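Let me begin by presenting the structure, written as structure tokens, before commenting on it.
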Amino acid sequence: MRNRKNRDRNITHFIYVLPNLLMYSLLSIVPIVLGLYYSFTDWNGIGKNYDFVGFHNYIKILKDSRFRKAVLFNVRYAAMLIVCVLLISVILALLLNTRIKGQGFFRAVYFFPACVSMLTIGLIFNYIFFQGLPSIGEALGIEALQKNILSGRKTAIYGILVTNVWKSVAIPTVLVLSALQTIPGEIMEAATVDGANGRQKFFYITLRYILPILSIIFVLVLKEGLMIYDYIMAMTSGGPAGATESITLSIYRIGFEDMKFGYAISQAMIVAVIIAVISIIQIHFTDKKKIYD
């Protein structure tokens, strides 16, 4: 009788899960499998005829200077984005976790950018960098502000970074804030009684409790940094002189402009593997340091 009840319950659970499983398979698993297959071909994305070229696309990537340049840009950009988002989100969360006047107002203000699309934000900041700041610089006589930051090969990346950080810091701040509120007050009180200062309490107590959340944020921001596309298209289109061409933008142009879908998909597969490996290493590392209740 019990076995029959367990079987009926499992069947019921499977029926409820089946629609989501089918949708996930159709929209995620199937495209990945097809993408892996087409990465070993010379498919142009339209025609029905294509040849199986084996590892030719992957070997070609190793010799592709354009891909190497895009990877170096993304690695540099992702590293700066991770540092900025983690640092700012922790600082904001610590401030918002204290009792200050207008706390609800400040929480709403800092979260507002998360509600706006990336393309819209990119266009807004493009206008700010192109006309807003130069006009202010000319009015105040500040030479550093008179030049559009997006027009320089060495400075364009920082304009995109500021725009990205302004939007991306909202949700990580919420995650860190929720983690801060799980820290038992008794532990903090005991640390205060033992004479621990603010720095010691942060590094030995607070940081240990928020480390799992920081690990999740790290992976999410890493993925965002390696797949940056919207801001670049809205602000620089990969310029000036290809200085801000990311991997995703390069993949898009190779696939949709050069009509080399097989080669573009092989690049996308390599990016996916890089993100997966770094994420696994990061999660494994932080799992050893987090606190278990």
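This one's a predicted model, so the numbers in the text were calculated from it and none came from an experiment. Residue numbers count from 1 along this sequence.
- Side-chain contact, Tyr263 with Asp258: no donor N or O sits under 3.5 Å from an acceptor N or O.
- Residues Thr41 and Phe52 form a side-chain contact, since some pair of their non-hydrogen atoms from C-beta on lies under 4.5 Å apart.
- Of all non-hydrogen atoms in Leu214 and Leu207, the two that sit nearest each other are CD1-CD1, 3.8 Å.
- Residues Lys69 and Ser250 bring no donor and acceptor atom of their side chains to less than 3.5 Å of each other.
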**Message:** I'd like to know whether Arg66 forms a side chain to side chain contact (heavy atoms under 4.5 Å, CB included) with Ile254, so could you lay out the CA-CA distance, the side-chain angles of the two residues, the decisive distance to 0.1 Å, and finally the verdict.
**Reply:** CA-CA 11 Å; Arg66 179 180 180 181; Ile254 291 173; 4.1 Å; yes
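- Pairing each heavy atom of Val176 with each of Ala93, the nearest pair is CG1-CB, 3.5 Å.
- Here the shortest heavy-atom pairing between Ile213 and Ala179 reads CG1-CB, 3.6 Å.
- Heavy-atom neighbours of Lys223 NZ from other residues, nucleotides or ligands within 6.0 Å: at or below the threshold of 12.
- For the residue pair Lys63 and Arg68, the shortest heavy atom distance occurs at C-NH1, 3.6 Å.
- Checked against the 6.0 Å centroid threshold, Tyr231 and Phe125 do not count as a close aromatic pair.
- To the nearest 0.5 Å, the span separating OH on Tyr229 from OG on Ser246 amounts to 8.5 Å.
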**Asked** How far apart are the C-alpha atoms of Phe67 and Val71, what are their side-chain angles, what is the distance that settles it, and do they pass the side chain to side chain contact (heavy atoms under 4.5 Å, CB included) test?
**Response** CA-CA 6 Å; Phe67 180 76; Val71 169; 3.6 Å; yes
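- Using the six-membered ring where Trp is involved, Tyr38 and Trp43 have ring planes that are parallel, under 30° apart on the 30 and 60° scheme.
- Scanning both residues, Asn57 and Ser266, for their nearest heavy atoms gives CB-OG, 3.6 Å.
- Side-chain atoms of Phe129 and Thr155, non-hydrogen and from C-beta on, never get closer than 4.5 Å to each other.
- Once rounded to the nearest 0.5 Å, the distance linking CE of Met118 with CE of Met233 reads 13.0 Å.
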**Prompt:** Going through the distances and angles, do Ile205 and Tyr209 end up as a side chain to side chain contact (heavy atoms under 4.5 Å, CB included)?
**Reply:** CA-CA 7 Å; Ile205 299 177; Tyr209 273 91; 4.3 Å; yes
**Message:** Walk me through whether Val85 and Glu224 qualify under side chain to side chain contact (heavy atoms under 4.5 Å, CB included).
**Reply:** CA-CA 11 Å; Val85 171; Glu224 183 178 357; over 6 Å; no
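- For Phe202, the CZ atom sits in a packed shell: over 12 heavy atoms of surrounding residues, nucleotides or ligands are nearer than 6.0 Å.
- The nearest pair of heavy atoms linking Pro113 to Ile121 is O-CD1, 3.6 Å.
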